[in-house]
Every structure is written in structure tokens, then in C-alpha cells.
Asker: 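The structure's right below; bear with me while I get my questions together.
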Amino acid sequence: QVQLIESGGGLVQTGGSLRLSCTASEGAFSGYDMTWFRQAPGKEREFAATITWNAGRIYYSDSVRGRFTISKDNAKNTVYLQMNNLKPEDTAVYYCAAKVHYSDYVSISPRADDYDIAYWGKGTLVTVSS
């Protein structure tokens with residue numbers, strides 16, 4: 001059974017840092033673009049960052065660019081999201097997702113529903129206190 005398991009969430013103060021990890025079971029990493037989405041309370045799930053399967057391209061939403069860094073370790077089937085200078089508006093459940101890789105040129109939409117996601121993780125909560 002394909003699984004994506006997130007970890008690393010927690011409570012942090014404004015300006016702090018967290019690193020999220022998402023480990024994929026076999027069959028859900030090679031050949032897949034890995035993406036982080038987030039969903040704040042009362043809001044729709046939104047795109048945060050993606051890395052293509054060969055790490056050829058990385059994309060960020062405007063709200064996290066310059067503060068978050070996505071990376072991957074193919075040997076560990078793991079994708080990371082390093083989050084620095086966290087703000088209260090970053091408070092959300094963060095979801096890892098896998099999408100079949102078609103091209104290094106990804107059409108970025110803020111809406112999670114616009115992505116053809118093959119597998120979702122269950123999410124990890126990040127809370128940023130002011």
C-alpha cells in the first residue's frame with residue numbers, strides 16, 4: 001500500500017524555524033513530483049512548494065518564497081520542507097503529495113484541486129504563535 005508519512009510539525013514562535021519531512025513508501029517517489037500543500041483553519045487547501053522528481057525544477061508560492069526551501073533525498077525516499085522566519089499566517093496543516101511527473105515545466109496554481117495528485121499524506125500541524 002502506497003503511503004506518504006509527514007512529520008516535523010509542532011508549535012513555534014514567530015520568526016522560528018521548522019523542518020517538515022515526508023517519507024514515501026516504495027512506488028510513490030521515483031517518477032513523481034513531490035509537493036507540499038497547506039490548509040489553514042477555515043480556508044481551502046493551497047499550494048506551497050513543489051520539486052520535480054529529478055529535482056530539475058522547484059517552484060514556490062509567493063507567500064513562502066524566500067522563507068521556505070523544498071528538497072529531497074532520493075536514497076531515503078524523503079522530501080523536506082525547511083521553513084524559516086515563520087509567521088502566524090503560516091499556521092496550517094501541511095500535506096505532502098505525489099503527482100506523476102510529466103514535465104519539468106509545471107503549471108502552478110494556488111488551488112490544490114487544480115493538481116492531479118496521485119497520493120496524499122495525512123498531514124502534520126504547524127502552529128506559529130505571535
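Everything quoted here is computed from the prediction, not taken from an experiment. Excluded from the calculations below are hydrogen atoms, water molecules and symmetry mates; all remaining heavy atoms, backbone and side chain alike, are included.
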Asker: Give a yes or no on this: more than 12 heavy atoms of other residues, nucleotides or ligands lie within 6.0 Å of atom CD of Glu44.
Answerer: no
Asker: For the pair Thr14 (side chain) and Lys87 (backbone), establish whether a donor and an acceptor sit closer than 3.5 Å, ignoring hydrogens and angles.
Answerer: no
Asker: Tell me whether the centres of the aromatic rings in Tyr115 and Phe37 are closer together than 6.0 Å.
Answerer: yes
Asker: Please check: side-chain N/O of Ser25 versus main-chain N/O of Gln3, any donor-acceptor pairing under 3.5 Å?
Answerer: yes
Asker: Which pair of heavy atoms, one from Ile70 and one from Trp36, lies closest together, and at what distance?
Answerer: CD1-CD1, 3.6 Å
Asker: To the nearest 0.5 Å, how far apart are CD1 in Ile108 and CG in Asp62?
Answerer: 10.5 Å
Asker: Do Thr124 and Ser7 come close enough that some side-chain heavy atom pair is under 4.5 Å?
Answerer: no
Asker: Please identify which of these residues, Cys22, Cys96, Ser71, Ser21, meets the side chain to side chain contact (heavy atoms under 4.5 Å, CB included) condition with Thr78.
Answerer: Ser21
Asker: Under the 6.0 Å and 45° cation-pi test, does Arg19 pair with Tyr80?
Answerer: yes
Asker: Start with the C-alpha gap between Arg57 and Asp33, add the side-chain angles, then the distance that decides, and say whether side-chain contact (heavy atoms from CB on, under 4.5 Å) holds.
Answerer: CA-CA 10 Å; Arg57 292 279 180 171; Asp33 299 338; over 6 Å; no
Asker: Rounded to the nearest 0.5 Å, how far does CG of Leu86 lie from CD of Gln13?
Answerer: 11.5 Å
Asker: Does one hydrophobic cluster hold both Leu18 and Tyr60, with members joined at side-chain heavy-atom distances below 4.5 Å?
Answerer: yes
Asker: Hey, any chance Val100 and Tyr59 share a hydrophobic cluster, counting ILVMFWY side chains that come within less than 4.5 Å of each other, even indirectly?
Answerer: no
Asker: Side chains of Tyr94 and Glu6: closer than 4.5 Å at any heavy-atom pair?
Answerer: no
Asker: side-chain hydrogen bond (donor to acceptor under 3.5 Å, both in side chains), that's the test. Do Ser17 and Asn84 meet it? Break it down for me.
Answerer: CA-CA 4 Å; Ser17 298; Asn84 297 329; 2.9 Å; yes
Asker: Which atom pair, heavy atoms only, marks the closest approach of Asp104 to Gly56?
Answerer: OD2-CA, 4.1 Å
Asker: Any heavy-atom pair between the side chains of Thr52 and Tyr102 that's under 4.5 Å?
Answerer: no
Asker: Using side-chain heavy atoms (C-beta onward) and a distance below 4.5 Å, is Met83 in contact with Val126?
Answerer: yes
Asker: Is the closest basic N to carboxylate O distance between Arg38 and Asp90 below 4.0 Å?
Answerer: yes
Asker: Quick one: does any side-chain atom of Thr69 pair with a main-chain N or O of Gln82 as donor and acceptor, under 3.5 Å?
Answerer: no
Asker: So which atom in Phe47 and which in Ser109 form the shortest heavy-atom distance, rounded to 0.1 Å?
Answerer: CB-O, 3.3 Å
Asker: Would you kindly confirm whether Leu20 and Tyr119 end up in one hydrophobic cluster when ILVMFWY residues are joined by side chain heavy atoms under 4.5 Å apart?
Answerer: yes
Asker: Identify the heavy atoms of Leu125 and Ala92 that sit nearest to each other, and give their distance.
Answerer: CD1-O, 3.6 Å
Asker: Of all the heavy-atom pairs spanning Lys99 and Ile117, show the shortest one and how long it is.
Answerer: CB-CD1, 4.1 Å
Asker: Quick check: closest heavy atoms across Ala24 and Phe29, and the distance to 0.1 Å?
Answerer: CB-CD1, 3.9 Å
Asker: Using the rule that Ile, Leu, Val, Met, Phe, Trp and Tyr join whenever any side-chain heavy atoms are under 4.5 Å apart, tell me whether Tyr32 and Ile58 fall into a single cluster.
Answerer: yes
Asker: Is Trp53 reachable from Val79 through a run of hydrophobic residues whose side-chain heavy atoms are each under 4.5 Å from the next?
Answerer: no
